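Throughout, residue positions are numbered sequentially from 1 according to the sequence presented. As the structure is a computational prediction, the values presented were derived from the model and not from experiment.
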Amino acid sequence: MARRAGVSIGTASRVLNGNPRVSASASSAVQAAILELGYQPDSVARSMRKKDGEGRGGLWSGNIGLVLAGMGSSMLRVPLIIDLVDALQREAAQHGFHLMVAGQPREGTLPQMLIDRKVEGMIMFGELSREQCRQIVEVMPLVGIGNDFEAAGVSSVNVDNRGAILNAVRSLRQAGKRRIAFVNKEAEQPDFIRRFQAYQEAVREFDLPELSIVMPKNESGSLKQAEQIPPDMEPLISALFDVPTPPDALLVANDWQAIGVYRALEKRHLRPGTDVAIIGFDNDVRVCDALNPRLSSIQYPAEEIGSFAFRLLLAALKNSDRSAISTTLLPGKLIERESFCSGSISAPDFKR
């Protein structure tokens, strides 16, 4: 290839590795030779050799890691995380990387893939202590998906929980709802906490009564695992509806809990969308379209978040200066279906 391009082997190598210390004419010549010869890099060979100033101790693995903080491996069956992993795998393949996925050990420990030096950079989904972030950043680039990473000096991306909930309450109020409740059975989940805080802000802003019901925190400290059966929401629904003036709308922390809400309301002979409006969160169409009536929900943009997180990590891998920290919040769109109110029907949403 170097001979075809009329350059030295070292120059051709620098072009292949994206080294900027190459003239524009030489770079163009090498790129033309790549096309003419149909060259494809050998990923195994590249992982074995040393790259100038790159990789850990000069070794380049070609891997990036996704760690599910505080979660067990069964969480890989959760649709939201499936979409997130799919987006990351697609981006990684397009840029010549392999994605490694692992659950996070208990608090205070570091991911094994970091200890074994198997990855070039890491994406953390969930919450991590500042000390853990500091330890990882000392070794390799780190990007967060979630909240509070900026305080730990780590760039991150997440859904705009606050903006999405404020918009949902505003939409319910415009539809004539005045007694809007927030329902959550997982008080320790950070995103759910932010959704609850946004709900509290919204009812204050619109001068509405606060009708929240949140289960106490689970202090077991065990890893979060995927649930096989939707949660029993009857105790929470009873607390809200066994009163003289029950809610006329429910904001549920996520779609999975909304299944339990539907079941609890059915036992009371209350129909979503007719007797009480319901909005979930995540817009998991596998849940929303299976419920009757179909569940309105706020879109969690998993694919966009995964792609954005990878681009943040890729930029960090190319730039040794990691002082620029950013926090990006992507909008969560409200998808109205029949559970919003009678006659509120949107076109089927085929986004997976």
Side-chain angles (χ1 to χ4, degrees), residues 16-19 41-76 81-146 149 152-158 223 302-303 305-326 328:
L16 289 173
N17 292 323
N19 193 312
D42 185 327
S43 60
V44 175
R46 292 185 74 183
S47 69
M48 295 297 292
R49 67 179 173 77
K50 293 186 176 183
K51 298 182 72 177
D52 296 338
E54 297 184 24
R56 298 152 286 91
L59 293 177
W60 179 257
S61 69
N63 300 323
I64 62 167
L66 170 65
V67 176
L68 308 178
M71 306 178 202
S73 59
S74 67
M75 293 297 291
L76 289 169
I81 295 179
I82 291 173
D83 291 342
L84 188 68
V85 171
D86 284 346
L88 285 168
Q89 285 180 325
R90 187 165 53 250
E91 290 283 351
Q94 289 175 357
H95 292 84
F97 286 89
H98 300 286
L99 179 68
M100 298 179 67
V101 185
Q104 165 69 359
R106 297 181 184 277
E107 186 176 353
T109 61
L110 292 172
Q112 193 63 39
M113 66 176 70
L114 170 71
I115 297 171
D116 294 341
R117 303 294 197 269
K118 290 182 177 179
V119 294
E120 301 304 320
M122 193 174 295
I123 296 171
M124 189 68 62
F125 178 63
E127 303 296 306
L128 209 61
S129 71
R130 293 187 187 184
E131 176 60 20
Q132 286 177 304
C133 287
R134 183 192 64 77
Q135 290 176 309
I136 295 172
V137 170
E138 286 181 353
V139 179
M140 64 182 61
L142 173 65
V143 168
I145 297 177
F149 282 98
V154 174
S155 292
S156 64
V157 58
N158 197 17
L223 295 179
E303 294 185 10
I305 286 174
S307 295
F308 197 94
F310 179 85
R311 292 195 294 271
L312 282 175
L313 184 61
L314 189 63
L317 286 167
K318 292 181 177 180
N319 185 5
S320 58
D321 180 10
R322 301 172 193 168
S323 60
I325 305 302
S326 65
T328 302

CA sep, side-chain torsions, deciding dist, call: L66, I64, side-chain contact (heavy atoms from CB on, under 4.5 Å): CA-CA 7 Å; L66 170 65; I64 62 167; over 6 Å; no
Minimum heavy-atom distance between S326 and L312, given as atom pair plus value: OG-CD2, 3.9 Å
I81 CD1 to F125 CZ distance, which is reported to the nearest 0.5 Å: 5.0 Å
Minimal non-hydrogen separation, V137 against L142, with atom names: CG2-CB, 4.0 Å
Residue pair Q89 / D86, side-chain heavy-atom distance below 4.5 Å: yes
Note, F97 side chain near L314 side chain (heavy atom, < 4.5 Å): yes
Non-hydrogen atoms of K118 and N63 that approach each other most closely: O-ND2, 3.0 Å
Euclidean distance, H98 NE2 relative to E120 CD, rounded to 0.5 Å: 11.5 Å
With R130 via salt bridge (Lys or Arg N to Asp or Glu O under 4.0 Å) - residues at least two apart: none
Set of residues satisfying side-chain hydrogen bond (donor to acceptor under 3.5 Å, both in side chains) with respect to E91, sequence neighbours excluded: S307
Atom of P141, atom of A316 and distance for their closest heavy-atom approach: CB-CB, 3.7 Å
Nearest heavy-atom neighbours spanning A302 and L84: O-CD1, 3.5 Å
Partner set under side-chain hydrogen bond (donor to acceptor under 3.5 Å, both in side chains) for S155, not counting sequence neighbours: none
ring-ring contact (aromatic ring centres under 6.0 Å, His included) partners of F149, counting only residues at least two apart: none
Side-chain touch I145/V157, heavy atoms, less than 4.5 angstrom: yes
Spacing of L88 atom CG and E303 atom CD [to the nearest 0.5 Å]: 10.5 Å
Close side-chain approach of V154 and M124, heavy atoms under 4.5 Å: no
side-chain hydrogen bond (donor to acceptor under 3.5 Å, both in side chains) against R311, all qualifying residues, sequence neighbours excluded: none
